[in-house]
Amino acid sequence: MQTVSTVKDLQALLNPLKEKNKSIGLVPTMGALHKGHLSLIQEAKKHCDIVVVSIFVNPTQFAPHEDLDQYPRPIEKDKLLLNDANVDILFTPTDIDIYPNGKINTTQIELPHLSTQLCGKTRPHFFKGVLMVVNRLFGIVQPTHAFFGEKDFQQLTVITHMVSDLHMPIQVIGCPIIREQDGLAMSSRNIYLSPQQRQNAQAIHHSMQTAKAQFAKGETSAQSLIATMSKILTDANFKIDYIQIIDPKTLADVDQVQPGTRIAIAAYQGTTRLIDNTSLL
Ligand code: AMP
(Lines give C-alpha, C1' and ligand atoms only; values in the text may rest on other atoms or scores of the structure.)
Protein backbone atom coordinates (compact mmCIF):
# COMPACT_ATOMS: atom_id res chain seq x y z
CA MET A 1 0.00 0.00 0.00
CA GLN A 2 1.21 3.48 -0.81
CA THR A 3 0.33 6.29 1.58
CA VAL A 4 0.15 9.86 0.27
CA SER A 5 -0.99 13.04 1.93
CA THR A 6 -1.01 15.67 -0.79
CA VAL A 7 -3.25 16.05 -3.82
CA LYS A 8 -0.16 16.35 -6.03
CA ASP A 9 1.33 13.05 -4.81
CA LEU A 10 -2.00 11.27 -5.11
CA GLN A 11 -2.58 12.45 -8.66
CA ALA A 12 0.99 11.50 -9.60
CA LEU A 13 0.12 7.93 -8.58
CA LEU A 14 -3.31 7.89 -10.18
CA ASN A 15 -2.65 9.59 -13.53
CA PRO A 16 -0.64 6.73 -15.12
CA LEU A 17 -3.27 4.26 -13.93
CA LYS A 18 -6.05 6.32 -15.49
CA GLU A 19 -4.13 6.47 -18.76
CA LYS A 20 -4.24 2.68 -18.71
CA ASN A 21 -8.02 2.88 -18.20
CA LYS A 22 -7.89 1.22 -14.78
CA SER A 23 -11.10 1.45 -12.78
CA ILE A 24 -10.58 3.37 -9.54
CA GLY A 25 -12.71 2.76 -6.46
CA LEU A 26 -12.82 5.36 -3.69
CA VAL A 27 -13.79 4.51 -0.11
CA PRO A 28 -14.04 7.77 1.87
CA THR A 29 -13.69 7.35 5.65
CA MET A 30 -12.88 9.30 8.79
CA GLY A 31 -10.63 6.49 10.06
CA ALA A 32 -10.90 4.54 13.35
CA LEU A 33 -11.59 1.69 11.01
CA HIS A 34 -13.71 -1.36 11.82
CA LYS A 35 -15.29 -4.24 9.93
CA GLY A 36 -17.93 -1.94 8.45
CA HIS A 37 -15.24 0.06 6.65
CA LEU A 38 -13.43 -3.14 5.66
CA SER A 39 -16.61 -4.49 4.03
CA LEU A 40 -16.69 -1.40 1.78
CA ILE A 41 -13.08 -2.09 0.80
CA GLN A 42 -13.87 -5.73 0.01
CA GLU A 43 -16.74 -4.59 -2.20
CA ALA A 44 -14.48 -2.04 -3.90
CA LYS A 45 -11.91 -4.73 -4.63
CA LYS A 46 -14.61 -6.80 -6.37
CA HIS A 47 -15.51 -3.94 -8.72
CA CYS A 48 -12.28 -2.02 -9.28
CA ASP A 49 -8.66 -2.47 -10.40
CA ILE A 50 -7.36 0.07 -7.88
CA VAL A 51 -8.79 0.85 -4.44
CA VAL A 52 -8.14 4.23 -2.82
CA VAL A 53 -9.16 4.75 0.81
CA SER A 54 -9.21 8.26 2.22
CA ILE A 55 -8.95 9.04 5.92
CA PHE A 56 -9.96 12.59 6.71
CA VAL A 57 -11.84 13.76 9.79
CA ASN A 58 -13.79 16.44 8.00
CA PRO A 59 -14.14 19.54 10.18
CA THR A 60 -16.98 21.08 8.19
CA GLN A 61 -19.41 18.30 9.11
CA PHE A 62 -18.99 18.87 12.86
CA ALA A 63 -20.81 21.66 14.71
CA PRO A 64 -18.71 23.60 17.26
CA HIS A 65 -20.23 21.65 20.19
CA GLU A 66 -19.66 18.24 18.55
CA ASP A 67 -16.81 15.73 18.93
CA LEU A 68 -14.28 16.88 16.28
CA ASP A 69 -11.41 17.08 18.79
CA GLN A 70 -12.28 13.81 20.57
CA TYR A 71 -12.91 11.87 17.36
CA PRO A 72 -10.62 8.78 17.50
CA ARG A 73 -7.57 8.94 15.19
CA PRO A 74 -5.67 5.61 15.54
CA ILE A 75 -3.79 6.12 12.27
CA GLU A 76 -1.07 3.48 12.77
CA LYS A 77 -3.64 0.78 13.57
CA ASP A 78 -5.72 1.90 10.57
CA LYS A 79 -2.70 1.59 8.29
CA LEU A 80 -2.12 -2.01 9.40
CA LEU A 81 -5.76 -2.89 8.73
CA LEU A 82 -5.65 -1.27 5.29
CA ASN A 83 -2.41 -3.01 4.43
CA ASP A 84 -3.93 -6.38 5.41
CA ALA A 85 -6.98 -5.56 3.29
CA ASN A 86 -4.68 -5.06 0.25
CA VAL A 87 -5.70 -1.47 -0.30
CA ASP A 88 -3.61 0.08 -3.08
CA ILE A 89 -3.50 3.71 -1.97
CA LEU A 90 -4.23 5.43 1.35
CA PHE A 91 -4.90 9.16 1.03
CA THR A 92 -4.53 11.11 4.29
CA PRO A 93 -5.03 14.76 3.35
CA THR A 94 -4.88 17.69 5.75
CA ASP A 95 -7.40 20.53 5.93
CA ILE A 96 -5.36 22.63 3.50
CA ASP A 97 -5.44 19.88 0.84
CA ILE A 98 -9.22 19.59 1.02
CA TYR A 99 -9.97 23.26 1.65
CA PRO A 100 -7.13 25.14 -0.13
CA ASN A 101 -9.04 28.44 0.12
CA GLY A 102 -10.17 27.93 3.70
CA LYS A 103 -13.35 26.47 5.11
CA ILE A 104 -15.52 29.58 5.22
CA ASN A 105 -15.20 31.32 1.87
CA THR A 106 -15.46 28.10 -0.09
CA THR A 107 -17.78 26.50 -2.64
CA GLN A 108 -20.77 24.73 -1.18
CA ILE A 109 -23.35 22.45 -2.68
CA GLU A 110 -26.89 22.58 -1.41
CA LEU A 111 -29.40 19.80 -1.53
CA PRO A 112 -32.14 21.49 0.46
CA HIS A 113 -34.82 18.84 0.55
CA LEU A 114 -33.00 15.56 1.23
CA SER A 115 -30.41 17.04 3.54
CA THR A 116 -32.82 18.88 5.83
CA GLN A 117 -34.78 15.80 6.90
CA LEU A 118 -33.90 13.13 9.53
CA CYS A 119 -30.33 13.89 10.76
CA GLY A 120 -30.42 17.24 8.93
CA LYS A 121 -32.99 18.54 11.43
CA THR A 122 -30.77 18.28 14.51
CA ARG A 123 -27.46 18.53 12.60
CA PRO A 124 -28.16 21.25 9.99
CA HIS A 125 -24.42 21.70 9.24
CA PHE A 126 -23.81 17.99 8.68
CA PHE A 127 -24.80 17.35 5.07
CA LYS A 128 -23.38 20.70 3.98
CA GLY A 129 -20.03 19.40 5.27
CA VAL A 130 -20.49 15.93 3.82
CA LEU A 131 -21.37 17.32 0.39
CA MET A 132 -18.37 19.67 0.54
CA VAL A 133 -15.87 16.96 1.40
CA VAL A 134 -17.23 14.22 -0.86
CA ASN A 135 -17.43 16.59 -3.80
CA ARG A 136 -13.81 17.64 -3.25
CA LEU A 137 -12.65 14.02 -2.84
CA PHE A 138 -14.46 13.13 -6.07
CA GLY A 139 -12.73 16.06 -7.79
CA ILE A 140 -9.30 15.07 -6.48
CA VAL A 141 -9.51 11.29 -7.05
CA GLN A 142 -11.92 11.23 -10.01
CA PRO A 143 -12.92 7.67 -9.18
CA THR A 144 -14.97 5.47 -11.48
CA HIS A 145 -16.75 4.00 -8.43
CA ALA A 146 -17.39 5.19 -4.87
CA PHE A 147 -18.48 3.05 -1.94
CA PHE A 148 -20.65 4.15 0.97
CA GLY A 149 -22.34 2.24 3.79
CA GLU A 150 -26.09 1.94 4.22
CA LYS A 151 -25.32 2.56 7.91
CA ASP A 152 -25.46 6.23 6.92
CA PHE A 153 -28.53 5.77 4.75
CA GLN A 154 -29.37 9.46 4.39
CA GLN A 155 -25.74 10.21 3.46
CA LEU A 156 -25.83 7.49 0.78
CA THR A 157 -29.11 8.92 -0.56
CA VAL A 158 -27.79 12.49 -0.60
CA ILE A 159 -24.55 11.53 -2.38
CA THR A 160 -26.34 9.36 -4.94
CA HIS A 161 -28.60 12.32 -5.64
CA MET A 162 -25.69 14.75 -6.00
CA VAL A 163 -23.90 12.45 -8.44
CA SER A 164 -27.04 12.12 -10.51
CA ASP A 165 -27.90 15.87 -10.41
CA LEU A 166 -24.38 16.92 -11.40
CA HIS A 167 -23.89 14.20 -14.04
CA MET A 168 -20.76 12.95 -12.32
CA PRO A 169 -19.36 9.89 -14.13
CA ILE A 170 -19.15 7.89 -10.90
CA GLN A 171 -20.99 4.74 -9.93
CA VAL A 172 -22.09 5.04 -6.30
CA ILE A 173 -22.39 1.66 -4.61
CA GLY A 174 -24.21 1.23 -1.29
CA CYS A 175 -23.00 -1.56 1.00
CA PRO A 176 -24.98 -3.37 3.73
CA ILE A 177 -24.67 -2.52 7.43
CA ILE A 178 -22.15 -4.64 9.36
CA ARG A 179 -23.25 -5.34 12.92
CA GLU A 180 -21.77 -6.57 16.19
CA GLN A 181 -22.98 -9.97 17.39
CA ASP A 182 -25.78 -8.43 19.45
CA GLY A 183 -26.97 -6.39 16.46
CA LEU A 184 -25.45 -2.98 17.26
CA ALA A 185 -24.32 -1.37 13.99
CA MET A 186 -20.54 -0.99 14.00
CA SER A 187 -19.44 2.62 14.36
CA SER A 188 -16.24 4.44 15.23
CA ARG A 189 -18.26 6.21 17.93
CA ASN A 190 -19.23 3.00 19.78
CA ILE A 191 -16.01 3.29 21.80
CA TYR A 192 -17.51 6.32 23.54
CA LEU A 193 -20.07 4.03 25.25
CA SER A 194 -19.58 2.89 28.86
CA PRO A 195 -20.13 -0.87 29.45
CA GLN A 196 -23.69 -0.17 30.66
CA GLN A 197 -24.45 2.11 27.72
CA ARG A 198 -22.96 -0.45 25.33
CA GLN A 199 -25.35 -3.04 26.74
CA ASN A 200 -28.32 -0.67 26.47
CA ALA A 201 -27.34 0.13 22.89
CA GLN A 202 -28.45 -3.25 21.57
CA ALA A 203 -32.02 -2.00 22.09
CA ILE A 204 -31.82 -0.12 18.77
CA HIS A 205 -31.48 -3.31 16.77
CA HIS A 206 -33.95 -5.09 19.04
CA SER A 207 -36.54 -2.34 18.49
CA MET A 208 -36.18 -2.57 14.70
CA GLN A 209 -36.43 -6.37 14.79
CA THR A 210 -39.58 -6.10 16.91
CA ALA A 211 -41.12 -3.66 14.42
CA LYS A 212 -40.23 -5.99 11.57
CA ALA A 213 -41.89 -8.91 13.36
CA GLN A 214 -45.06 -6.85 13.95
CA PHE A 215 -45.10 -5.83 10.29
CA ALA A 216 -44.68 -9.49 9.28
CA LYS A 217 -47.76 -10.28 11.42
CA GLY A 218 -49.79 -7.64 9.56
CA GLU A 219 -49.30 -4.34 11.40
CA THR A 220 -48.98 -1.62 8.74
CA SER A 221 -49.51 1.55 10.78
CA ALA A 222 -46.25 3.49 10.97
CA GLN A 223 -47.50 5.26 14.08
CA SER A 224 -48.06 1.97 15.90
CA LEU A 225 -44.63 0.58 14.93
CA ILE A 226 -42.97 3.83 16.00
CA ALA A 227 -44.77 3.64 19.38
CA THR A 228 -43.45 0.10 19.93
CA MET A 229 -39.86 1.09 19.06
CA SER A 230 -40.08 4.23 21.12
CA LYS A 231 -41.02 2.25 24.25
CA ILE A 232 -38.16 -0.22 23.77
CA LEU A 233 -35.64 2.59 23.35
CA THR A 234 -36.94 4.65 26.26
CA ASP A 235 -36.87 1.57 28.53
CA ALA A 236 -33.19 1.15 27.58
CA ASN A 237 -32.43 4.70 28.70
CA PHE A 238 -32.21 6.18 25.21
CA LYS A 239 -33.06 9.80 24.55
CA ILE A 240 -34.70 9.69 21.15
CA ASP A 241 -33.74 12.19 18.46
CA TYR A 242 -36.03 10.61 15.88
CA ILE A 243 -37.70 7.35 14.95
CA GLN A 244 -39.16 7.66 11.48
CA ILE A 245 -40.61 5.30 8.95
CA ILE A 246 -39.74 6.62 5.54
CA ASP A 247 -39.87 6.14 1.82
CA PRO A 248 -36.31 5.02 0.94
CA LYS A 249 -36.04 7.34 -2.10
CA THR A 250 -37.61 10.59 -0.88
CA LEU A 251 -36.89 10.01 2.85
CA ALA A 252 -40.41 11.36 3.49
CA ASP A 253 -42.51 9.89 6.32
CA VAL A 254 -45.10 7.30 5.35
CA ASP A 255 -48.31 6.51 7.25
CA GLN A 256 -48.78 3.01 5.93
CA VAL A 257 -45.81 0.66 5.81
CA GLN A 258 -45.03 -1.38 2.72
CA PRO A 259 -42.24 -3.78 1.83
CA GLY A 260 -39.14 -1.67 1.15
CA THR A 261 -40.20 1.09 3.52
CA ARG A 262 -37.33 1.98 5.85
CA ILE A 263 -37.03 2.54 9.58
CA ALA A 264 -34.53 5.25 10.53
CA ILE A 265 -33.45 5.92 14.10
CA ALA A 266 -31.17 8.41 15.84
CA ALA A 267 -30.94 8.27 19.63
CA TYR A 268 -28.59 9.25 22.42
CA GLN A 269 -27.09 6.88 24.95
CA GLY A 270 -25.67 9.44 27.36
CA THR A 271 -23.97 11.99 25.11
CA THR A 272 -23.26 9.49 22.32
CA ARG A 273 -25.57 9.79 19.35
CA LEU A 274 -26.17 6.50 17.56
CA ILE A 275 -27.93 6.06 14.22
CA ASP A 276 -29.28 2.97 12.52
CA ASN A 277 -31.78 1.94 9.88
CA THR A 278 -33.28 -1.11 8.26
CA SER A 279 -35.61 -2.02 5.46
CA LEU A 280 -39.00 -3.59 6.22
CA LEU A 281 -39.27 -6.68 4.08
P1 AMP B 1 -17.12 7.06 8.62
O2 AMP B 1 -15.68 6.72 8.81
O3 AMP B 1 -17.96 6.87 9.83
O4 AMP B 1 -17.32 8.39 7.94
O5 AMP B 1 -17.67 5.98 7.59
C6 AMP B 1 -17.07 5.78 6.35
C7 AMP B 1 -17.94 4.90 5.51
O8 AMP B 1 -18.10 3.64 6.17
C9 AMP B 1 -19.35 5.47 5.29
O10 AMP B 1 -19.74 5.21 3.96
C11 AMP B 1 -20.17 4.69 6.28
O12 AMP B 1 -21.54 4.56 5.92
C13 AMP B 1 -19.49 3.33 6.24
N14 AMP B 1 -19.78 2.56 7.45
C15 AMP B 1 -19.60 2.96 8.73
N16 AMP B 1 -20.04 2.01 9.59
C17 AMP B 1 -20.53 1.00 8.82
C18 AMP B 1 -21.14 -0.26 9.12
N19 AMP B 1 -21.35 -0.67 10.36
N20 AMP B 1 -21.50 -1.05 8.08
C21 AMP B 1 -21.30 -0.64 6.80
N22 AMP B 1 -20.73 0.54 6.46
C23 AMP B 1 -20.36 1.35 7.45
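- In terms of heavy atoms, E219 sits closest to S224 at OE1-OG, 3.2 Å.
- Between K103 and the options D95, T60, N58, a side chain to side chain donor-acceptor pair (under 3.5 Å) holds for only D95.
- Taking the six-membered ring for Trp and thresholds of 30 and 60 degrees, H145 and F147 have nearly parallel ring planes, at less than 30 degrees apart.
- D97 contributes a side-chain N or O that, together with a main-chain N or O of T94, makes up a donor-acceptor pair within less than 3.5 Å.
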Taking it one step at a time, do R273 and D67 satisfy salt bridge (charged side-chain N to carboxylate O under 4.0 Å, His left out)?
-> CA-CA 11 Å; R273 186 173 181 276; D67 58 340; over 6 Å; no
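- Residues E76 and L80 fail the side-chain proximity criterion, which asks for heavy atoms closer than 4.5 Å.
- The closest side-chain donor-acceptor pair between Q171 and H47, if any, does not fall under 3.5 angstrom.
- In this structure, the side chain of H205 does not engage the main chain of Q202 through any donor-acceptor pair within 3.5 Å.
- Between the side chains of Q196 and N200, at least one donor-acceptor pair of N or O atoms lies under 3.5 Å.
- One N or O on the side chain of D78 and one on the backbone of L33 form a donor-acceptor pair closer than 3.5 Å.
- The number of heavy-atom neighbours closer than 6.0 Å to CD of Q70, taken from other residues, nucleotides and ligands shown, is above 12.
- I104 forms part of no hydrophobic cluster, judged by ILVMFWY side-chain heavy-atom separations under 4.5 Å.
- Taking the charged nitrogens against the carboxylate oxygens, D49 and K20 have no contact shorter than 4.0 Å, which rules out a salt bridge.
- Between F62 and Y71, the ring planes lie perpendicular to each other; the angle is over 60°, past the 30° to 60° tilted range.
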What do the steps show when you test L90 against N83 for side-chain contact (heavy atoms from CB on, under 4.5 Å), and what is the final call?
-> CA-CA 9 Å; L90 168 61; N83 217 11; over 6 Å; no
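- Residues K79 and T3 have side chains that never bring a donor and an acceptor to within less than 3.5 angstrom of each other.
- Linking Ile, Leu, Val, Met, Phe, Trp and Tyr whenever their side-chain heavy atoms come within less than 4.5 Å leaves I98 and V27 in two separate clusters.
- Side chains of S115 and F126 form no contact here, defined as non-hydrogen atoms less than 4.5 Å apart.
- Judged purely by atom type and a 3.5 angstrom limit, D88 has no side-chain atom pairing as donor or acceptor with the backbone of V52.
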Only distances under 3.5 Å count here; give the side-chain donor-acceptor pairs of residues 255-266 to other protein atoms, sequence neighbours excluded, each with its distance to 0.1 Å.
| unit_1 | atom_1 | unit_2 | atom_2 | d |
| --- | --- | --- | --- | --- |
| Q256 | OE1 | T220 | OG1 | 2.7 |
| T261 | OG1 | Q258 | N | 2.9 |
| T261 | OG1 | Q258 | O | 2.7 |
| R262 | NE | N277 | OD1 | 2.8 |
| R262 | NH2 | E150 | OE1 | 3.3 |
| R262 | NH2 | N277 | OD1 | 3.0 |

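- Using modelled atom types, one side-chain atom of T29 and one backbone atom of G31 make a donor-acceptor pair closer than 3.5 Å.
- Between S188 and A32 the shortest heavy-atom distance is OG-O, 3.1 Å.
- Residues Q155 and I159 meet the side-chain proximity criterion, which asks for heavy atoms closer than 4.5 Å.
- Side-chain N or O atoms of D182 include none that pairs as donor or acceptor with a backbone N or O of H206 at under 3.5 Å.
- Between D276 and R179 there is a salt bridge, with a side-chain nitrogen of the basic residue lying less than 4.0 Å from a carboxylate oxygen of the acidic one.
- Contact of the Q61 side chain with the M30 side chain is registered, since non-hydrogen atoms from C-beta on lie closer than 4.5 Å.
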Could you please spell out the steps behind the side-chain contact (heavy atoms from CB on, under 4.5 Å) verdict for L137 and L26?
-> CA-CA 9 Å; L137 287 169; L26 173 65; 4.1 Å; yes
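- Residues S39 and P176 share a closest heavy-atom pair of OG-O, 4.5 Å.
- Side-chain contact between F153 and L251 is present, with at least one heavy-atom pair separated by less than 4.5 Å.
- Between the Q269 side chain and the R198 main chain, no donor and acceptor come within less than 3.5 Å of each other.
- Taking 4.5 Å as the limit, some side-chain heavy atom of P28 sits within range of a side-chain heavy atom of F148.
- By the 4.5 Å heavy-atom criterion applied to side chains, D165 and I109 are not counted as neighbours.
- In the displayed structure, D84 atom CG is contacted under 6.0 Å by more than 12 heavy atoms of other residues, nucleotides or ligands.
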Criterion side-chain contact (heavy atoms from CB on, under 4.5 Å) on I55 and L82, from CA distance to verdict | CA-CA 11 Å; I55 296 183; L82 295 175; 4.1 Å; yes
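- When every heavy atom of F238 is checked against every heavy atom of A267, the shortest pair comes out as CD2-CB, 3.5 Å.
- Taken from CZ in R136 to CG in L131, the straight-line distance is 10.0 Å, to the nearest 0.5 Å.
- Counting heavy atoms of neighbouring residues, nucleotides and ligands inside a 6.0 Å radius, atom NZ of K18 exceeds 12 of them.
- The main-chain N or O of N86 is found under 3.5 Å from a side-chain atom of K45 such that the two form a donor-acceptor pair.
- Listed for the T160 side chain is a donor-acceptor partner under 3.5 Å among the backbone atoms of L156.
- A donor-acceptor pair under 3.5 Å is absent between the side-chain atoms of Q11 and the main chain of K8, judged by distance alone.
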Does the pair Q214 and K217 meet the rule for a side-chain contact (heavy atoms from CB on, under 4.5 Å), with working shown?
-> CA-CA 5 Å; Q214 289 193 352; K217 280 194 205 142; 5.7 Å; no
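- Looking at I245 and M229, their side chains come closer than 4.5 Å, going by heavy atoms from C-beta outward.
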